[in-house]
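Worksheet: one structure, shown below.
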Amino acid sequence: MNRFGIVLLFCAPLGFSQQISFQPPIALPTMNGPVAMISADFNGDGTADLAISDAGSHVISISLGNGDGTFQTAATYPVPSGCAAASLAAADFNNDHKLDLLAICQFTPQLLVYLGHGDGTFGTPVSTQLPLAAFAGTLFLEAGSAGVGGTVADFNGDGKLDLVLLLSNDLAAFPASIINIFFVPGNGDGSFGQAVQVQRGIAAVALASGDFNGDGKPDLAYLTLTDSKDSEDDDVISQSLNIDLGNGDGTFRSGPTYPWTGASFALTTVDVNGDGLLDLVSGGTSLSSLNGNAPSSIVTVMLGDGKGNFTQSFKSTDPADDLGLSFCLGNFSGSGHLDLIEIFGEITLHSISVGLGIGTRAGNGDGTFQSIQTFQGPADNFALASVCADLNGDGLTDLAYAGMISEEVVGVLTNSGGFGGLAGGLAELPAGELYLQLNSTPQKLTFSNVNAASFAKGPLATNSIATAFWISPEKPSGIGVNVTDAAGATRPAQIFYVSSKQINYGVPNGTVTGPATITITGTQDTITAQQVIAAVAPGVFNAGGLAVGSTLTVHNGTQTPGNLVEPDASGTLQPVPINVGTGSDQVFLILYGTGIRNHAQPVTATIGATAAPVAFAAAQGTFVDEDQINVLVPQSLRGAVRVNVVLTVDGQTTNPVTILIE
């Protein structure tokens, strides 16, 4: 549940090759102690909404977006006494295809799940007790508002979302305390089972997850911290970046380890260079850089190779006296590359006044960023909660954060008695303001290409279906797409769908592998994007993660087709239970995808953790550039309930799709 922080710009960068600018801020009142905030579409209308944990008022506020950068009056949901909800995440924890809200109680052995109704409202929270206190939420000046704590994924392959959390039994002794990693299995109803320790005897202080080695199973990346003394009794802090590879059953095995001098408490996974492989980005305070004065703040990018290994592509130290509190990646400049914005606490030692500083770095699209541009933010203001999202639907990332007068924040939290009393201090924070600031950067005519089945960025395959996301400068009638390949040949693409925000097209037959240029035609100005063409770039079509397609049951020589999904009474698609049969019965999954047909090696499949034979993987035959994959469901999976299906095509794994086996 890595929560990116963001910043508020009151002036536009100058002398900046990809200039980023924002409209003047709009201030809205918040309740007491707004210490955590996330953005998600809670009511399914395609518009970004906001959830804020007001720890001082013991409520979570839900503000539904109107789609134009404004919000409806917030609805509030009570938080039980004794819980300072300082870390939030949105996901479907009860498998009803509606977003729920997870709240982790800071430095308390409790977490809450507010089950969503799909209309922006939530029910009474489901509580789960943890064996130890959660190391989660804002860590104030020591670490900033990076939202440390844990991560969400289906780690054991049962189709239910699980957690991996950082837990500790002696937070008052930080940084000498041991903070261990625990796997917490989801029950599929908003509650969680018994936590199981993953690593022992370490101090893990930041955590992220993703499929780093391409086997369809979520892995872990985490930062450790070791505190020792030198000959002069000064603190010497060392860190490492560790990769643990998931086994798909909630257990992990050790992967590579790297020396680390970057940010101590902030780590997130994202494809920063657009190659379809997950990378790691970190930004904020580095305790390893302590030298008797204020620590440095460092931005680091580690590029993944898709096999579980990482290589540093970018590292830069922020200006002195700027304590990195949080960062955000988004399309701020309109270039189509991920840009980075940081928020700083501008610290003057021995002063309780903390200013707000801002840094912007335009992305180059290759895992590096341009030089930082820094600006003074609102005077005497401190931001504990922040998000970045497209709040008005124009395709550019906007900013929102909850700010409070810094003297009030510092006064309350410095008197809380360290980490052991920080949760109580959060409950004493005063009211703040929610600042909304829309992006006003002039939009560049560009677009991004993704696999139309998985929506994954990265290479596209010849004879596959691609989706171009763009913001049309004019009416989309008469729009076409040309593909110029690495051999210099230009071919028109077949167009399947066009709107002002999306174009679905086929990568033409004959396009050679290598770098290509995709051009949108029929517009007043030339609009191009660079794209890598590969032999295969597999993706599987799905509906909200559910496998779409059909089943084929063979019983006594009779073939009976069936559906994989069907709508319920409300029109929401639900998985149809699959009966795997007995004896000589055979049940096949008929899946549809794209970017698969050119495979050189046989396609393989796993259902949950079980290998499943692939009987057919080739062109579908009727629909242009669509592929079909027939997978035999092993009878040993009877009773598996919800499981994920993952294909491997010439070493590349597809997006997982979920089926229901009875």
- Grab the two heavy atoms, one from V272 and one from G367, that are nearest each other, plus how far apart they are. CG1-CA, 3.8 Å
- Query: Any luck finding a side-chain donor-acceptor pair between S333 and T441 under 3.5 Å?
  - Reply: no
- Mind checking side chain to side chain contact (heavy atoms under 4.5 Å, CB included) for P575 and listing every partner two or more places apart, or none if nothing turns up? H97, L546, R642, L660
- Message: With no hydrogens and no angle check, just 3.5 Å: does a side-chain donor-acceptor pair link T397 and D390?
- Response: no
- Item | Those residues that, when tested against Y258, pass ring pair (Phe, Tyr, Trp, His ring centres under 6.0 Å) (two or more places apart) | none
- Taking atom types as modelled and ignoring hydrogens, do the side chains of T517 and Q530 form a donor-acceptor contact shorter than 3.5 angstrom? yes
- Spell out, as yes or no, whether a donor-acceptor pair under 3.5 Å connects the side chain of N542 to the backbone of V540. yes
- So, for L88 and A51, which heavy atoms are closest and what is the spacing to 0.1 Å? CD1-O, 3.8 Å
- Query: Under the salt bridge (charged side-chain N to carboxylate O under 4.0 Å, His left out) rule, what pairs show up with a residue in residues 487-506, not counting sequence neighbours?
  - Reply: D485-R491
- Message: With salt bridge (charged side-chain N to carboxylate O under 4.0 Å, His left out) as the rule and sequence neighbours excluded, what pairs involving residues 646-655 come up?
- Response: none
- Message: Consider side chain to side chain contact (heavy atoms under 4.5 Å, CB included). Of V498, I518, T467, N449, which one does I503 pass it with?
- Response: V498
- Nearest heavy-atom neighbours spanning V646 and P656: CG2-CB, 3.7 Å
- For I343 against S326, the heavy-atom pair lying closest together: CG2-OG, 2.5 Å
- Message: Suppose we call two aromatic rings close when their centres sit under 6.0 Å apart. Are F455 and F469 close by that rule?
- Response: yes
- Message: Which heavy atom of T462 sits nearest to which heavy atom of V507, and what is that distance?
- Response: CA-CG1, 3.9 Å
- Derivation of the side chain to side chain contact (heavy atoms under 4.5 Å, CB included) call for D219 and D244: CA-CA 6 Å; D219 310 309; D244 279 8; over 6 Å; no
- Query: With sequence neighbours left out, what residues match K315 under side chain to side chain contact (heavy atoms under 4.5 Å, CB included)?
  - Reply: T261, I298, T300, Q312
- Task: Evaluate whether atom CZ of F623 has more than 12 neighbouring non-hydrogen atoms of other residues, nucleotides or ligands under 6.0 angstrom away.
- Result: no
- Task: Taking D627 for its side chain and Q620 for its backbone only, find out whether a donor-acceptor pair lies under 3.5 Å.
- Result: no
- Sequence-distant partners of A153, side chain to side chain contact (heavy atoms under 4.5 Å, CB included), two or more places apart: F155, S209, P218
- Query: If every non-hydrogen atom of I659 is compared with every non-hydrogen atom of A547, which pair is closest and at what distance?
  - Reply: CG2-CB, 3.7 Å
